[in-house]
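Take a look at the structure below.
Residue numbers start at 1 and run along the sequence shown. Computed from a prediction, not measured in an experiment: that's the story for all the values here. Side-chain atoms are counted along with the backbone in the values below, which use heavy atoms only and exclude waters and symmetry mates. Counting starts at 1 for both ligands and their atoms, following the listed order.
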Amino acid sequence: MPVTPAEMQTWCETIVEGRAAAPDLGLNDYLSAVPRLESLADLPSGTVVLVRGDVDAKPGATVGEGDIRLRSMVDTLKYGQERGWKQVIFGHIGRDPEKSLDKVAKRIGELLGCEVPMIGDWLDEETLTIKPEVKQTIDAAEAGAVIVLENTRKYNIERVMWKAKKDDVPALAENLAKFSNECAEKIGSVYVHEAFSAGSLDASSVVVPAAMEKVALGKYAAGEFDGPMQKCLGATLAVFSGIKIDKLDDMEAMIARGSIKQIFASGSLAMAIRKAIGELDNAPVSLGAAEDPVNKGEPWYIPEDRVAQAKAIVADGREKGITFTVPCDSIIGDGTSKDELEPNDQQFDIGPKSIEKFHAAVGEFIEKHGSGAVAFHNGVFGMFEDPKFEGGTKAWIPELKRMKEAGVEVYVGGGEGGKALDKYGEPDWVTHTFTAGGTVLNALGSEPVPYLVALRLGAK
Ligand SMILES: Nc1ncnc2c1ncn2[C@@H]1O[C@H](COP(=O)(O)OP(=O)(O)OP(=O)(O)O)[C@@H](O)[C@H]1O
Ligand SMILES: O=C(O)[C@H](O)COP(=O)(O)O
């Protein structure tokens, strides 16, 4: 049954509202409402299944290089092949609409041991109709075939929800309904989401399910949520770092769940916590350029309301017996370290005293909580892409190994944190690295994972 514009409007308003639409639902409420792949087991051979794939990958020269997200889809794709489904994979790569999935399609073929054709231009954006070549290719394909559609972000319709507010939705609903109905009619009305890392409001992730007869969560994504993520929900230690200041919302949510005993905050976002602690302890701290309103458009700018939020987080956390560890010195633009920042100083990394402080704090954590504790790490400690500012991150990664060797289960959120582990450590230095950053913080933090909201809505 095609989805009407009115139904699509209600659907998308729910997606945009996130937690506000269902404040009493937690991660496990969404997971228990979402059908799993096995619910599709009886679909007959030849059924066309639209698979939202985790295709944002840069495969290297050989299998195993740069293709962890593609390898994560193999079990689901093989499950469909064994049942004779014709699986059409769609999804995004990067944020440049011109990027192509051609290398991704080739690597998926190598992983499955079969030809995986890619359809380059599959949507007429003017009329929002799926081009005839798609249905022709599907009809001509054998049972068990796997086909890839070119980068969904090539088309504006994929991106229109990214920054949409609830008031924007009515104007988008008609086109989103048309696009979704086209997918259902011209490709297939069964949808599997096997894109654990696809945490943004792409139409392929959060809108297309509205027009589907059946939806399900793929094997890998389900396994990540049912296994490692459940462990992280009960984390004893959380490390928040990087530049996204909205991670304070996720920190607040993790603390509210009650298992956290220790917070390490580092990188740019930690400046809010450092300032807050300074104010709470009557030892004022200057954030230098990061608190100069002239810089309020910069991602590293720390607005006053975030300092106020940080003060509330620390005050509440301390009452719950939580220890907060934050940097005590900084590396500034010329690569030198400073304890106190002057008005024009911008901090790009934590300094040597902070490295020592974090090292000692890890020792205390191990002594106090050690074996059986769970540590979750997200982000990086500085602008590590520049060797001048990699010192803090480079010194921190071995601390993860130290905790694991002391019996702590150590989980790393993907994104830059995962990249830093690859750069300065080894995969077995930690218990598990997620293939995604934003999705994990959503799942553990303040907002639901958008595609889980969509799958719950689409479950019939
Ligand atoms: N003090 C700093 N000054 C400037 N940039 C910083 C600083 N600390 C960290 N960064 C930058 O933060 C970025 C990563 O921050 P972000 O919050 O996006 O991490 P992430 O959450 O791991 O990423 P993802 O969302 O992909 O998982 C890095 O690119 C790094 O350059
Ligand atoms: O690389 C990722 O984190 C995912 O593919 C999501 O990408 P996005 O942040 O561009 O939506």
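Within 6.0 Å of CD in E13 there are more than 12 heavy atoms belonging to other residues, nucleotides or ligands. For K404, the NZ atom sits in a packed shell: over 12 heavy atoms of surrounding residues, nucleotides or ligands are nearer than 6.0 Å.
At least one donor-acceptor pair closer than 3.5 Å links the side chain of N181 to the backbone N or O of A177. With hydrogens and angles ignored, the 3.5 Å screen pairs a side-chain donor or acceptor of D54 with a backbone N or O of S197. Of the possible polar contacts, one joining the S180 side chain to the L176 backbone as a donor-acceptor pair under 3.5 Å is found. In this structure a side-chain-to-backbone donor-acceptor pair under 3.5 Å is missing from D329 to S337.
The option from A420, S241, G382 that lies nearest to atom 10 (N) of ligand 1, judged by heavy atoms, is G382. For the residues H377, M383, E416, the heavy atom positioned nearest atom 6 (C) of ligand 1 is part of M383.
For ligand 1, the atoms closer than 4.0 angstrom to any heavy atom of K247 are 16 (P), 17 (O), 19 (O), 20 (P), 21 (O). For ligand 1 and F348, the ligand atoms under 4.0 Å from any heavy atom of the residue are 1 (N), 2 (C), 3 (N). Atoms of ligand 1 found under 4.0 Å from any heavy atom of G379, numbered from 1 in the order shown, are 22 (O). Close contacts of ligand 1 with K244, meaning ligand atoms under 4.0 Å from a residue heavy atom, involve 16 (P), 17 (O), 18 (O), 21 (O), 23 (O), 24 (P), 25 (O).
Looking only at heavy atoms of the protein, atom 5 (O) of ligand 2 is closest to D56 OD2, 2.7 Å. In this structure, the protein non-hydrogen atom closest to atom 1 (N) of ligand 1 is Q347 NE2, 3.0 Å. Protein heavy atom at the shortest distance from atom 10 (O) of ligand 2 is R95 NE, 2.6 Å. In terms of protein heavy-atom proximity, atom 7 (O) of ligand 2 is nearest to H92 NE2, 3.4 Å. The nearest protein atom to atom 3 (O) of ligand 2, hydrogens excluded, is given as R69 NH2, 3.7 Å; this is a heavy-atom distance. Taking atom 11 (O) of ligand 2 as the reference point, the nearest protein heavy-atom neighbour is S200 OG, 2.6 Å. For atom 5 (N) of ligand 1, the closest non-hydrogen atom of the protein is I243 CD1, 3.5 Å. Summary of contacts: the protein heavy atom closest to atom 26 (O) of ligand 1 is G415 CA, 3.4 Å.
Under the salt bridge (Lys or Arg N to Asp or Glu O under 4.0 Å) test applied with D202, the options R159, R153, R95 reduce to a single match, R153. Across F358, F348, F240, a single residue satisfies ring pair (Phe, Tyr, Trp, His ring centres under 6.0 Å) together with F381, and that is F358. Evaluated for a side chain to side chain contact (heavy atoms under 4.5 Å, CB included) with W396, the options Y424, F264, F384 yield exactly one hit, F264.
Inclusion of W300 in the set of residues having an N or O under 3.5 Å from an N or O of ligand 1 is not warranted. Residue R153 places at least one N or O, backbone or side chain, under 3.5 Å from an N or O of ligand 2.
Residue-ligand proximity: E416 is placed with every non-hydrogen atom at 4.0 Å or more from ligand 2. Residue contact annotation: S197 has a non-hydrogen atom under 4.0 Å from ligand 2. Look at G417 and you'll find a heavy atom under 4.0 Å from some atom of ligand 1.
Looking at E385 against ligand 1, only its side chain comes within 4.0 Å, counting heavy atoms. Contacts between R159 and ligand 2 below 4.0 angstrom, taking non-hydrogen atoms only, are absent altogether. If you look at N378 next to ligand 1, the close heavy atoms, those under 4.0 Å, all belong to the side chain.
A donor-acceptor contact under 3.5 angstrom links the side chains of S100 and E150, judged on distance only. Side-chain contact annotation: Y155 with D121, donor-acceptor N/O pair under 3.5 Å present. A donor-acceptor contact closer than 3.5 angstrom links the side chains of E252 and Q309. Between the side chains of R69 and T435, no donor N or O sits under 3.5 Å from an acceptor N or O.
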